[in-house]
Amino acid sequence: MGEVRDRLPGLAALPGASYGLTESSTAATFAGPAELARDPSSVGRPVVNTEVEVRDAADARVPDGTEGEVCLRGPQMTLRYWRVPRATRETPRTAGCAPAT
């Protein structure tokens, strides 16, 4: 993110960075200016009422900093895909955790 801000100075006024996906209907994490100053690559911490986990190929939770699949849990997560029951059935969910695919 720091490199992007360097190349596009007009973005310096933006308040932060976030991570989210269509299934979470909004940002699931947020990093404010102070956090980005410490770590420009951060997407921040989970927003209120959101849990973020990273899981390995065996679907086990992995320690922070370990590569894996990002999974989200919270009241804003979609329960199913509208008019696409096949996608709903085929989306793996672990303990209510939706993968960020």
Side-chain angles (χ1 to χ4, degrees):
M1 189 70 181
E3 182 179 337
V4 171
R5 287 177 193 266
D6 290 344
R7 290 180 183 222
L8 301 169
L11 294 179
L14 291 179
S18 64
Y19 169 82
L21 57 149
T22 302
E23 292 82 357
S24 67
S25 74
T26 186
T29 67
F30 181 78
E35 189 168 357
L36 289 173
R38 286 189 305 275
D39 181 4
S41 67
S42 177
V43 293
R45 291 168 286 183
V47 298
V48 175
N49 293 328
T50 301
E51 295 176 45
V52 177
E53 295 179 354
V54 178
R55 294 178 171 267
D56 63 18
D59 201 31
R61 189 173 179 175
V62 298
D64 289 351
T66 304
E67 191 173 311
E69 181 172 35
V70 176
C71 295
L72 307 174
R73 184 182 302 115
Q76 79 282 21
M77 295 300 297
T78 186
L79 298 175
R80 62 191 63 82
Y81 293 94
W82 188 58
R83 295 186 180 179
V84 191
R86 180 178 173 193
T88 300
R89 284 191 308 274
E90 292 176 355
T91 300
R93 294 180 186 263
T94 303
C97 190
T101 55

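Source: prediction; values computed, not measured. Note that these values count all heavy atoms, side chains included, but never hydrogens, waters or copies made by symmetry.
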Shortest non-hydrogen contact between N49 and Q76, atoms and distance: O-OE1, 4.1 Å

Nearest-0.5 Å distance that lies between atom CD in E53 and atom CG in D64: 11.0 Å

Minimum side-chain heavy-atom gap V47-T26 below 4.5 Å: no

Residues, nucleotides or ligands: over 12 heavy atoms within 6.0 Å of E67 CD: no

Any donor-acceptor N/O pair, T29 side chain to V43 backbone, under 3.5 Å: yes

From D59 atom CG to E69 atom CD, the distance as rounded to the nearest 0.5 Å: 8.0 Å

Stepwise side-chain hydrogen bond (donor to acceptor under 3.5 Å, both in side chains) check, S42 with E35: CA-CA 7 Å; S42 177; E35 189 168 357; 3.3 Å; yes

Side-chain heavy-atom pair Y19, V52 within 4.5 angstrom cut-off: no

Minimum heavy-atom distance Y81-T88, with the two atoms named: N-OG1, 2.8 Å

Side chain to side chain donor-acceptor pair (under 3.5 Å) partners for D56, two or more places apart: none

